[in-house]
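Throughout, residue positions are numbered sequentially from 1 according to the sequence presented.
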Amino acid sequence: MAASTEVNKFFIFTWFSAVSFIVCSCYYSFDGDLYMKILHPKDISYIYPIRPARIGGIFENHFDHIHLVPTIPADACSIVENVADLHQQIALVKRGGCSFLSKTINVDGSGAVAVIIYDNHSTNDWFLVDMIGDETERDTELPTAFMQGRDGQRIVDSLSRHGEKSAVLTFPYNITAIPFGAVRKPPWSLW
């Protein structure tokens, strides 16, 4: 519950900064979700919603031109093989096979700065899961978030099509000053 309180305080602080016309780092929407903007590859260059998890640390840093790297194996339920690619980048992990916490702990050893887990239902384009820990005593401080399945699968498919190891993105991305109709959402998304 402490993590939730800290997130709310951060949101309130940034909201007052925005109202005062002070340059701020206002990353949260009104519903508590975060957003990321993919810059490359161009065919997936959109703004995507993600939901911070109730496990791991809090997203406190802003990353401009950081890489979003799919893990090998995709579900990160065993030792992650592409450690060098993940170091100081954001890991993209597919849901399923083990708990969210197990995935995050497996990625934590790679040196990644955060984890985004996408739904294993590739047709999910309308809901975000609230990720919670498992029933073990394990813990991690690696910030973790959930992404819709269709978004995650489209990212992975695009990288495969282009022979790329990662997407380049800005995260978190501030959408609070953009009129809702002007937000560059994926055309397949319902949010």
Side-chain angles (χ1 to χ4, degrees), residues 1 3-4 7 32-36 38 41 43-44 46-59 61 63 66-169 171-172 186 188-191:
M1 195 54 107
S4 175
V7 169
D33 292 338
L34 294 172
Y35 296 89
M36 66 180 199
I38 292 187
D43 64 324
I44 54 169
Y46 300 106
I47 297 169
Y48 299 87
I50 61 172
R51 176 155 301 153
R54 295 181 187 175
I55 58 172
I58 296 172
F59 289 95
N61 298 316
F63 301 101
I66 193 164
H67 290 255
L68 179 66
V69 182
T71 59
I72 300 171
D75 65 7
C77 288
S78 59
I79 301 296
V80 177
E81 298 171 21
N82 56 334
V83 173
D85 296 332
L86 291 167
H87 186 73
Q88 295 299 306
Q89 307 303 326
I90 298 174
L92 181 63
V93 178
K94 189 172 188 174
R95 180 182 185 187
C98 61
S99 71
F100 296 123
L101 182 58
S102 293
K103 293 172 184 299
T104 304
I105 288 171
N106 288 339
V107 170
D108 200 357
S110 72
V113 297
V115 178
I116 296 175
I117 299 172
Y118 67 98
D119 198 352
N120 54 349
H121 296 288
S122 62
T123 58
N124 169 16
D125 60 1
W126 63 277
F127 72 92
L128 294 167
V129 171
D130 287 319
M131 293 189 298
I132 59 173
D134 53 24
E135 296 173 5
T136 66
E137 297 297 319
R138 302 173 302 161
D139 196 14
T140 180
E141 289 301 313
L142 190 62
T144 306
F146 189 80
M147 171 182 258
Q148 296 168 346
R150 183 163 291 170
D151 292 345
Q153 193 59 56
R154 292 274 181 127
I155 292 167
V156 170
D157 291 347
S158 173
L159 296 177
S160 177
R161 237 185 352 269
H162 295 291
E164 305 260 358
K165 286 186 175 183
S166 63
V168 179
L169 58 93
F171 176 78
W188 58 84
S189 184
L190 299 177
W191 67 275

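- In this structure, the side chain of Asn82 engages the main chain of Pro70 through a donor-acceptor pair within 3.5 Å.
- For Glu81, there are no side chain to side chain donor-acceptor pair (under 3.5 Å) partners two or more places apart in sequence or in a different chain.
- Looking at heavy atoms from C-beta onward, Val93 lies out of side-chain contact with Tyr118 at the 4.5 angstrom threshold.
- Each disulfide (SG to SG under 2.5 Å) pair with one or both residues in residues 77-107, not counting sequence neighbours, appears once here: Cys77-Cys98.
- Here the closest heavy-atom approach between residue Arg138 and residue Ser102 is recorded as NH2-OG, 2.8 Å.
- Qualifying side chain to side chain donor-acceptor pair (under 3.5 Å) partners for Asp108, counting only residues two or more places apart in sequence or in other chains: Thr140.
- Within the structure, side chain to side chain donor-acceptor pair (under 3.5 Å) contacts touching residues 153-163 (residues at least two apart or in different chains) are Asp43-Ser158, Asp43-Arg161, Asp43-His162, Gln153-Asp157.
- Every residue meeting the side-chain contact (heavy atoms from CB on, under 4.5 Å) condition with Pro143, not counting sequence neighbours, appears here in chain and number order: Phe59, Ala114.
- Side-chain contact between Val80 and Ile72: absent, with no pair of heavy atoms (C-beta onward) separated by less than 4.5 Å.
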### Query
Stepwise, does the side chain to side chain contact (heavy atoms under 4.5 Å, CB included) test hold for Val168 with Ile66?
CA-CA 6 Å; Val168 179; Ile66 193 164; over 6 Å; no

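- The minimum heavy-atom distance linking Ile38 with Leu169 is given by the pair CA-CB, 3.9 Å.
- Minimum interatomic distance between Gly152 and Leu92 (heavy atoms only, all atoms of both residues): O-CD2, 4.4 Å.
- Take His87 and apply the side chain to side chain donor-acceptor pair (under 3.5 Å) test, not counting sequence neighbours, and it matches no residue.
- Rounding to the nearest 0.5 Å gives a distance of 4.0 Å between CE of Met147 and CD1 of Ile155.
- Using a 4.5 Å cut-off on side-chain heavy atoms (C-beta onward), Val69 and Lys165 make no contact.
- You'll find the side chain of Asp33 reaches within 4.5 Å of the side chain of Arg51, heavy atoms only.
- Remark: side-chain polar atoms of Gln89 are paired, donor with acceptor, to backbone N or O of His67 under 3.5 angstrom.
- For the atom pair CH2 of Trp188 and CD of Gln148, the computed distance is 10.5 Å after rounding to the nearest 0.5 Å.
- Counting all heavy atoms, side chain and backbone alike, Tyr48 lies closest to Pro186 at CE2-CG, 3.5 Å.
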### Query
After noting the C-alpha distance and the side-chain angles of Phe100 and Val115, does the key distance pass the side chain to side chain contact (heavy atoms under 4.5 Å, CB included) rule?
CA-CA 10 Å; Phe100 296 123; Val115 178; over 6 Å; no

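- Rounding to the nearest 0.5 Å gives a distance of 10.5 Å between CG of Asp151 and CD1 of Ile50.
- Using a 4.5 Å heavy-atom cutoff, the side chains of Met36 and Leu68 are in contact.
- The backbone N or O of Ala76 sits nowhere less than 3.5 Å from a side-chain atom of Ser78 that would complete a donor-acceptor pair.
- The two atoms that bring Ala112 and Val107 nearest to each other are CB-CG1, 3.8 Å, heavy atoms only.
- For the atom pair CD1 of Ile55 and CG of Asp139, the computed distance is 9.0 Å after rounding to the nearest 0.5 Å.
- Scanning for ring pair (Phe, Tyr, Trp, His ring centres under 6.0 Å) contacts around Phe63 gives an empty result, with sequence neighbours left out.
- In this structure, Asp75 CG and Lys94 NZ are separated by 9.0 Å, a value rounded to the nearest 0.5 Å.
- Here Leu86 contributes atom CG and Thr71 contributes atom OG1; the two are 7.0 Å apart, rounded to the nearest 0.5 Å.
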